J.: 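First the structure, then my questions, so here it is.
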There are 2 protein chains.
Amino acid sequence: MLDSYRDDIRDLDLFAGMKQESFEALMRGAYIQNFPPRIELISEGDTPDFLHIVISGSVDLFSSWNGRETSMATVRPVSTFILAATIKNAPYLMSARTLEKSRVALLPSEDVRAIFASDGAFARAIVTELAQCYRAVVKNTKDLKLRTSLERLANYLLRQQRHNGSPEFDLRMEKRRLASFLGMTPENLSRAFKGLEPHGIKVAGSRIIVHDIVALERFAKPSALIDRYDS
Amino acid sequence: MLDSYRDDIRDLDLFAGMKQESFEALMRGAYIQNFPPRIELISEGDTPDFLHIVISGSVDLFSSWNGRETSMATVRPVSTFILAATIKNAPYLMSARTLEKSRVALLPSEDVRAIFASDGAFARAIVTELAQCYRAVVKNTKDLKLRTSLERLANYLLRQQRHNGSPEFDLRMEKRRLASFLGMTPENLSRAFKGLEPHGIKVAGSRIIVHDIVALERFAKPSALIDRYDS
DNA sequence: GTGACGGCTTGACAATTATCAAGCGAAACA
DNA sequence: TGTTTCGCTTGATAATTGTCAAGCCGTCAC
């Protein structure tokens, strides 16, 4: 079962450079599990038992406090999540639930920490991964603190547009979750889409048409230091 | 000059476990510099030349966009900053300026990356450090997205109270900067302090008196997964 | 088909937060 | 001792964002 995905996992930057022996050791305790949609994989506050790798499907990372909930990120194949908690052996700061039918590889946390301690190449790969994650969260914080919700939506759409390469694309998530991810209510998101119509956006259901990129960019003022996923 | 602080640096978790030879190599290219208050040490977007270590004084990390500015964090001795940018050799996401007269050690980025590649213990220490930073930023994001500004202030005061160990303490930063750090305007912070008076807070200038911790906690609902710096 | 459900939208309204302008007061300075 | 400066506070007002309630409209099960 696991063997079918072994190569996908090995190809991840995180595992590509490590010793074959280390990789084998990691795979020995690992296994694959399939989940239906909307299953909670981990709950914030729990102690990390496994490093998770999304093989197919997608996973929502979210957090709650005082009866409120917010979507923090979406994990898409093939990538890991909650690496930091696993390494530090500290409680999860976020919960995770499947958004759709998903296949997930589970690597026992203790194995990960053991190999981390013994395989320098693996340790270095983890550094790169964590640095990447850290910088992504910093960018997100800048987005939240420096922009209004309308500006956040505008820049989100520009990022999607760039990612898709086409001026016309579908939102990859429910609007309610997009709203939560952008730090606003669904009602407000609905109005924000309306508010972007004078800036070159047309919306039809989950279909977005950027019919005037220049106008949208003039309004959104995208910045490499907030909106570029690379760098 | 550098020698006087060599031990302080070596005692940092980041450098404590590395090979003596690696540490020597790092120190060889390093030097100490003194800065007056309000000097900009680095600017976001620049390429990292040095890993910075605050030896004394304090440094504000902040970001700007579209004419707006927000304070992201305060670095106090003895600790490093912009480690992620240094390791990835990617542009700074934040700027840094001294808040007061400060002493800073500068380690050439190339040296740091070279030792990172050759010394496994150093790589592992960097992992721990980055994981810590990552989790801190995630907590900050939760604070921003899940709480109102009044709740953020209340929890900030509780954290300070806990840190000081006394129900009475001084704010460690200008209120305007605290406002920016908490994601609000100075005017709003002023009103927020007033708004916390019914919840056990008294304010006299920069002096804070928590005269009813229970009431404050009842309102603030602090959470380990947002407000604890350790874990 | 038909009805129920759920997500999205809309409108009215309320709460939160920001902006602008003015004034206060402590520290710095002449 | 006055004067200036600067950060903080306050009030009035505006903008932004959230809440509540209702309705729309697709999907899906029966």
Side-chain angles (χ1 to χ4, degrees), chain A residues 36-38 60 65-71 97 99-101 143-157 170-199 201-208 219-220, chain B residues 36-38 60 65-71 97 99-101 143-157 170-199 201-208 219-220:
Chain A
R38 294 170 196 279
D60 182 35
W65 178 78
N66 193 26
R68 300 166 209 167
E69 184 182 307
T70 190
S71 176
R97 72 164 74 91
L99 288 164
E100 54 194 304
K101 193 163 167 300
D143 193 43
L144 282 169
K145 290 183 78 176
L146 292 167
R147 290 171 171 164
T148 66
S149 62
L150 200 58
E151 289 164 344
R152 288 200 295 278
L153 176 60
N155 280 290
Y156 175 84
L157 294 177
D170 282 312
L171 292 175
R172 293 192 296 170
M173 54 176 130
E174 277 185 326
K175 285 185 181 174
R176 55 165 45 218
R177 211 165 68 75
L178 175 59
S180 176
F181 175 70
L182 293 176
M184 55 208 282
T185 58
E187 293 95 329
N188 202 9
L189 176 63
S190 215
R191 289 177 189 117
F193 273 124
K194 279 258 165 72
L196 287 182
E197 277 173 12
H199 301 293
I201 291 290
K202 280 209 170 74
V203 183
S206 68
R207 191 86 184 148
I208 306 296
F219 173 78
Chain B
R38 294 172 194 281
D60 182 33
W65 177 79
N66 194 27
R68 298 166 211 167
E69 182 182 308
T70 190
S71 175
R97 72 164 77 89
L99 288 164
E100 52 194 306
K101 196 163 165 301
D143 193 44
L144 282 170
K145 289 183 79 176
L146 291 167
R147 290 173 170 162
T148 66
S149 62
L150 199 58
E151 290 164 343
R152 288 200 296 278
L153 176 60
N155 280 292
Y156 174 83
L157 294 177
D170 281 311
L171 293 175
R172 292 192 298 170
M173 55 174 129
E174 276 186 327
K175 286 185 179 171
R176 55 163 46 215
R177 209 164 70 76
L178 175 58
S180 175
F181 175 70
L182 293 175
M184 55 208 283
T185 57
E187 293 94 328
N188 203 12
L189 176 64
S190 213
R191 292 185 252 269
F193 273 122
K194 279 259 165 70
L196 286 182
E197 277 174 12
H199 301 292
I201 290 289
K202 280 210 170 73
V203 183
S206 68
R207 190 87 184 148
I208 307 295
F219 173 78

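A quick note: this is a predicted structure, and the numbers were derived from the prediction, not measured. Labels below follow one simple rule: chain letters A, B, ... track the order of the sequence lines, proteins then strands, and each chain is numbered from 1.
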J.: Find the distance A/Asn188:CG to C/dA14:P and express it as a whole number of Å.
T.: 18 Å
J.: Is the shortest side-chain N/O distance from A/Thr148 to OP1 or OP2 of D/dT16 below 4.0 Å?
T.: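 Result: no.
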J.: Which of the following nucleotides, C/dG7, D/dG11, C/dT9, is nearest to the side chain of B/Arg191?
T.: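 The nucleotide sitting nearest to the side chain is D/dG11.
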J.: State which of C/dA18, C/dG7, D/dT10 makes the closest approach to the side chain of B/Ser190.
T.: D/dT10
J.: How many Å lie between CG on A/Leu150 and P on C/dT17, as a whole number?
T.: 19 Å
J.: Mind checking whether B/Asp60 and B/Glu174 have side chains closer than 4.5 Å, heavy atoms only?
T.: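 Side chain of B/Asp60 against side chain of B/Glu174, heavy atoms only: no contact under 4.5 Å found.
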J.: Any chance you could measure B/Lys194, atom NZ, to B/Leu150, atom CG, to the nearest 0.5 Å?
T.: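 With rounding to 0.5 Å, NZ (B/Lys194) is 13.5 Å from CG (B/Leu150).
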J.: So, does A/Lys175 use its side chain to make a donor-acceptor pair with the main chain of A/Gly205 at under 3.5 Å?
T.: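 Answer holds: yes.
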J.: Over how many whole Å does the gap from A/Lys145 atom NZ to C/dA18 atom C1' extend?
T.: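 To the nearest whole Å, that distance equals 16 Å.
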J.: So, B/Lys145 side chain and A/Phe181 main chain: donor-acceptor pair closer than 3.5 Å or not?
T.: yes
J.: Mind checking A/Gly195 for me? I need base, sugar-phosphate or nothing, with any heavy atom below 4.0 Å counting as a touch.
T.: nothing
J.: With rounding to the nearest 0.5 angstrom, report the CZ to OG1 distance, A/Arg176 to A/Thr185.
T.: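 The OG1 atom of A/Thr185 is 11.5 Å from CZ of A/Arg176, to the nearest 0.5 Å.
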J.: What integer distance in Å separates B/Arg207:CZ from D/dG7:C1'?
T.: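 Nearest whole value for this atom pair: 20 Å.
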J.: Taking OP1 and OP2 of C/dT17, is either one under 4.0 Å from a side-chain nitrogen or oxygen of B/Thr185?
T.: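 So the side-chain polar atoms of B/Thr185 never come under 4.0 Å of the phosphate oxygens OP1 or OP2 of C/dT17.
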J.: Would you give a per-nucleotide map of nucleotides 21-27 of chain D, 5' to 3', where B means the base has a protein non-hydrogen atom under 4.0 Å away, S means only the sugar-phosphate does, and - means neither?
T.: -------
J.: Determine yes or no for a side-chain-to-main-chain donor-acceptor pair under 3.5 angstrom, with B/Ser180 supplying the side chain and B/Ser71 the backbone.
T.: yes
J.: How many Å lie between CG on B/Leu196 and P on D/dT9, as a whole number?
T.: 13 Å
